[in-house]
Amino acid sequence: MTTYTATVTVRLKRGVLDPEAETTKRALERLGFELSSLVSADRFEIELDAESEAAARERVTEMTERLLANPTLHDYEVELDHQ
Amino acid sequence: MTVAVIRFGGSNCDRDTVAALETLGVDATLVWHEDGLPADTSGIVLPGGFSYGDYLRAGAMAARSPILEAVREHADAGTPVLGICNGAQIGSEAGLTPGSFTTNQSARFQCEHVHLRVENADTPWTRRYDHGQVLTFPIAHGEGRFEIEEDELAALEADDRVIFRYCDREGNVTEAANPNGSKHSVAGITGERETVAVMMPHPERVSLDDIGPTDGRGVLRAFA
């Protein structure tokens, strides 16, 4: 068994309105910053033991599809590191 | 025969819903989600509130709790199931209905009265109303914007599964009368079976004589 750290990034699909990001962007502009766009995302760091990187990826992908992301709203990426 | 009103940690419209059902002569029972559904369950309400503190996404945690498996079995067998507000978020997260309810376009929590137009008066939830009738219901949500893929929305509309849309006082569906940025002003829909429905506005808050108008009774009479 190897210990892996999976980093799951869940973000809104392109075209889905993100009012929180818009509000954050406006707040930055009120502080005097110049920026063209702002996208927010959720990041989850998951530590797990698995037989192989493929097995770890499969389990984390299932976690993401069953809970962390909502397929109507989100795209996601899974990155794996082993220790 | 009883309507199970399922209480999660953070539900807060559960008792209101029981009171509203009882005023219509419908037997209703508060059910703690870990206790499972009563054997004589004849209807199910997923009530409003803030289950699990709205962590991750509103409704996401409750939708994965074991009692939702039992709710799904009942729904598939034809038992009437209604998700109101947080219950609508739970129902869509659980896949009882398509699409998703997410952050309001305003990025704010909105607590106000809205007008709803009855889009399909031939469902258990709307049979007591007329097609096109304008109702006044309260909303109270931060994540009520209905989002759905375009092709899924087209299919919903083609199948007449949109039961309520936000509208103005005269019944016109306009962007100005859309409180949260919902796609096509959708406020409530049915599942694949018309006996399953979710809606963001609160029928149980407009069902008691003591507190004013009773426009919401028609929805809850689906359980009568």
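These numbers were taken from a predicted model, which means no experiment stands behind them. First the proteins, then the strands, lettered A, B, ... as listed; each starts at 1.
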- Best-contacting candidate, B:G181, B:A60, B:G99, against chain A by heavy atom pairs under 4.5 angstrom: B:G99
- Query: Hey, are A:K13 and B:E149 close enough for a salt bridge, meaning a charged N less than 4.0 Å from a carboxylate O?
  - Reply: yes
- Message: So which atom in A:T23 and which in B:A107 form the shortest heavy-atom distance, rounded to 0.1 Å?
- Response: OG1-CB, 3.5 Å
- Task: For atom CZ of A:R57, decide whether the heavy atoms of other residues, nucleotides or ligands shown that lie under 6.0 angstrom number more than 12.
- Result: yes
- Query: Which atoms form the tightest heavy-atom contact between B:N104 and A:P19, and what is the distance?
  - Reply: O-CG, 3.1 Å
- Return the option, out of B:R145, B:Q105, B:M61, with the maximum number of heavy-atom pairs under 4.5 Å with chain A. B:R145
- Item | CD/B:E157: more than 12 non-hydrogen atoms of other groups inside 6.0 Å | yes
- Message: Using heavy-atom distances under 4.5 Å, tell me whether A:A69 contacts chain B through its side chain, its backbone, both, or neither.
- Response: backbone
- Task: Would you indicate whether A:E20, at its atom CD, is surrounded by more than 12 heavy atoms from other residues, nucleotides or ligands within a distance under 6.0 Å?
- Result: no
- Query: B:R57 pairs by side-chain contact (heavy atoms from CB on, under 4.5 Å) with which of A:D42, A:N70, A:V10?
  - Reply: A:N70
- Note on the structure: Bottom line for B:R108: the part with an atom under 4.5 Å from chain A's heavy atoms is neither
- Message: Distance check, rounded to the nearest 0.5 Å: B:F101 atom CZ versus A:L73 atom CG?
- Response: 11.5 Å
- Query: Considering residues, nucleotides and ligands other than A:R11, do more than 12 of their heavy atoms fall under 6.0 Å from its CZ?
  - Reply: no
- Message: Nearest 0.5 angstrom please: A:H74 NE2 to B:S100 OG, how far?
- Response: 7.5 Å
- Task: May I ask you to check whether over 12 heavy atoms, not counting those of A:E58, lie within 6.0 Å of atom CD?
- Result: no
- Sidechain-backbone polar pair: A:R66 side chain, B:R64 backbone, donor-acceptor under 3.5 Å: no
- Query: Side chain, backbone, both or neither: which part of B:T102 has a non-hydrogen atom closer than 4.5 Å to chain A?
  - Reply: side chain
- More than 12 heavy atoms from other groups under 6.0 Å of OH on B:Y55: no
- Residues B:L56 and A:L67: closest non-hydrogen pair is CD2-O, 3.4 Å
